[in-house]
Amino acid sequence: MLPTKSNIASYMLPLLAILGTIGPLTAREPNSVNDQVAKVLDRFQAARPQAKELAIYRLDWVPTLQDAKVKAANEKRPILLVVVTNSYGNMRSGHC
Amino acid sequence: MARGGPLSDPAIVRSLQPFVVTAWNGDGEAGMPAEIKELFDRSEAGKDPKRLNVFMLMLDQEGRLVHSFHGLPSGRRAVGEGRSDYSREIPKALAKLNLPLDLPKEGRPLVLPDLKKNGAGLPAGVRMFIQSPSKMPVVELLAMKPEEWAPLNPPDKPRDMDAALLRKWLVQVYPPAIRSVDANQPFTRFNGKLTLEPAGADKEGRYALLRGEVQMGKPEENQSSFEGKLQAVLTYDLGSSKVKSVRAVIEGEYLYRQRNLQRMPMVAAIESRPE
């Protein structure tokens with residue numbers, strides 16, 4: 001049967017109705033986030049140290065003795081110089 | 001021992017509030033810069049024939065040596081033999097500096113090492129917290145260039161990436177307080193396949209998940225290595241192709257090879273900075 005205006009409408013309309021319901025099912029809704037995201041974020045939060053484990057960062061650290069001298073003079077404060085002679089590490093970061 | 005001991009003790013940290021704090025690390029006294037060597041050579045701790053390898057030098061506001069003591073804590077051991085009782089030594093220094101022994105109850109705020117915004121529309125880098133059992137967390141700050149963020153641009157569909165692209169992060173995953181010969185040889189081999197996949201969106205932005213196995217090794221097979229897994233959440237502003245933030249965890253074992261093999265569990269938490 002050749003397509004005519006009337007029979008085109010008779011099969012196009014139902015087809016369009018079907019497509020209208022499929023569309024929203026395939027496209028992600030704006031508030032649809034993979035539930036694995038929350039699991040990874042929870043794992044990160046559990047792995048990040050608490051404040052009590054980072055007490056050393058309540059000390060007023062500066063990178064070098066020269067920096068310490070400038071700050072100490074400006075603020076009229078004393079200096080604590082930690083000297084470690086058995087590693088090339090970094091006392092402030094902790095890799096030492 | 002000092003970092004994980006007295007320098008992490010809240011009472012000791014509070015007693016050190018008046019001080020500007022800095023540190024020098026080196027392999028032996030011979031390698032000290034001249035100004036530090038001059039202070040060290042004049043210090044009582046530095047002259048002690050029973051000295052070990054950590055020293056606390058206390059200077060006045062003009063940088064003149066006022067007091068010194070051994071940095072390794074005495075604990076249950078007798079004071080002496082290259083060790084000191086911080087709770088006795090710090091008040092001595094405060095007295096010599098004419099500073100009050102009573103300090104405000106509120107200590108200094110906790111200030112982690114951090115990065116400044118760089119105007120590139122990307123995080124300036126990441127901060128890593130690297131932990132192994134019974135050791136204090138290591139905090140490493142890593143600046144990152146735009147090209148180092150590029151492999152993490154938002155995926156339209158799942159794509160694989162070589163773990164070596166994240167070598168800047170992976171090279172930091174080793175424990176503190178291991179032998180210098182081990183610590184001073186960084187990882188040189190980075191293996192593993194990671195998958196970066198879209199993970200949805202909400203009104204805050206788009207998300208991606210990055211997951212997979214990672215292995216790091218050193219030049220020789222008989223040297224220490226690491227094996228574990230990485231998982232991360234990346235976020236992007238809607239309509240942007242640049243990373244906005246990252247939260248990642250690397251977990252596994254550091255295979256510490258000395259005379260024998262010791263498996264050391266490790267976990268590293270990674271966060272983009274600043275935000």
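In what follows, chains are A, B, ... by sequence order, proteins preceding strands, each numbered from 1.
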Portion of [X] that has a non-hydrogen atom of chain A nearer than 4.5 angstrom:
X      : value
B:R64  : neither
B:P137 : both
B:L39  : side chain
B:A248 : backbone
B:D60  : backbone
B:L97  : side chain
B:L99  : side chain

- prompt: Do the side chain of B:Q172 and the main chain of B:W169 share a donor and acceptor less than 3.5 angstrom apart?
  reply: no

- prompt: With distance as the sole test, does B:S245 use its side chain to make a donor-acceptor pair with the main-chain N or O of B:S272 at under 3.5 Å?
  reply: no

Under a 4.5 Å heavy-atom cutoff, which of [options] has the most pairs with chain B?
options                    : value
A:Q66, A:R43, A:E75, A:Q36 : A:R43
A:K71, A:Q45, A:K52        : A:K71
A:L54, A:N74, A:I56        : A:I56
A:V82, A:N90, A:V40        : A:V82
A:A47, A:P78, A:A68, A:G94 : A:P78
A:A72, A:A55, A:S93        : A:S93

Mind ranking [options] by heavy-atom pairs under 4.5 Å with chain A and telling me who comes out on top?
options                      : result
B:L141, B:N25, B:V13, B:L209 : B:N25
B:S68, B:A268, B:P176, B:A30 : B:P176
B:E29, B:M58, B:E140         : B:E140
B:E62, B:Q131, B:M136        : B:Q131
B:V249, B:V139, B:V54        : B:V139
B:A93, B:G26, B:P6           : B:G26

field: Side-chain ion pair, B:K244 and B:E204, N-O less than 4.0 Å
entry: no

Is any side-chain heavy atom of [X] closer than 4.5 Å to a side-chain heavy atom of [Y]?
X      : Y      : value
B:Y207 : B:V233 : yes
B:F19  : B:M56  : no
A:L59  : B:R108 : no
B:V111 : A:W61  : no
B:R211 : B:T195 : no

message: I'd like to check the side chain to side chain donor-acceptor pair (under 3.5 Å) partners of B:S224; sequence neighbours left out, ordered by chain and number.
response: B:D182

field: Contacts of type ring-ring contact (aromatic ring centres under 6.0 Å, His included), residue A:H95, not counting sequence neighbours
entry: B:Y174

query: Are B:M128 and B:V173 close enough, and set up right, to give a side chain to side chain contact (heavy atoms under 4.5 Å, CB included), and what steps lead you there?
result: CA-CA 9 Å; B:M128 293 183 67; B:V173 186; 4.0 Å; yes

- request: Begin from the C-alpha positions of B:E271 and B:F129 and carry the test side chain to side chain contact (heavy atoms under 4.5 Å, CB included) through to its verdict.
  value: CA-CA 9 Å; B:E271 58 190 18; B:F129 302 89; 3.4 Å; yes

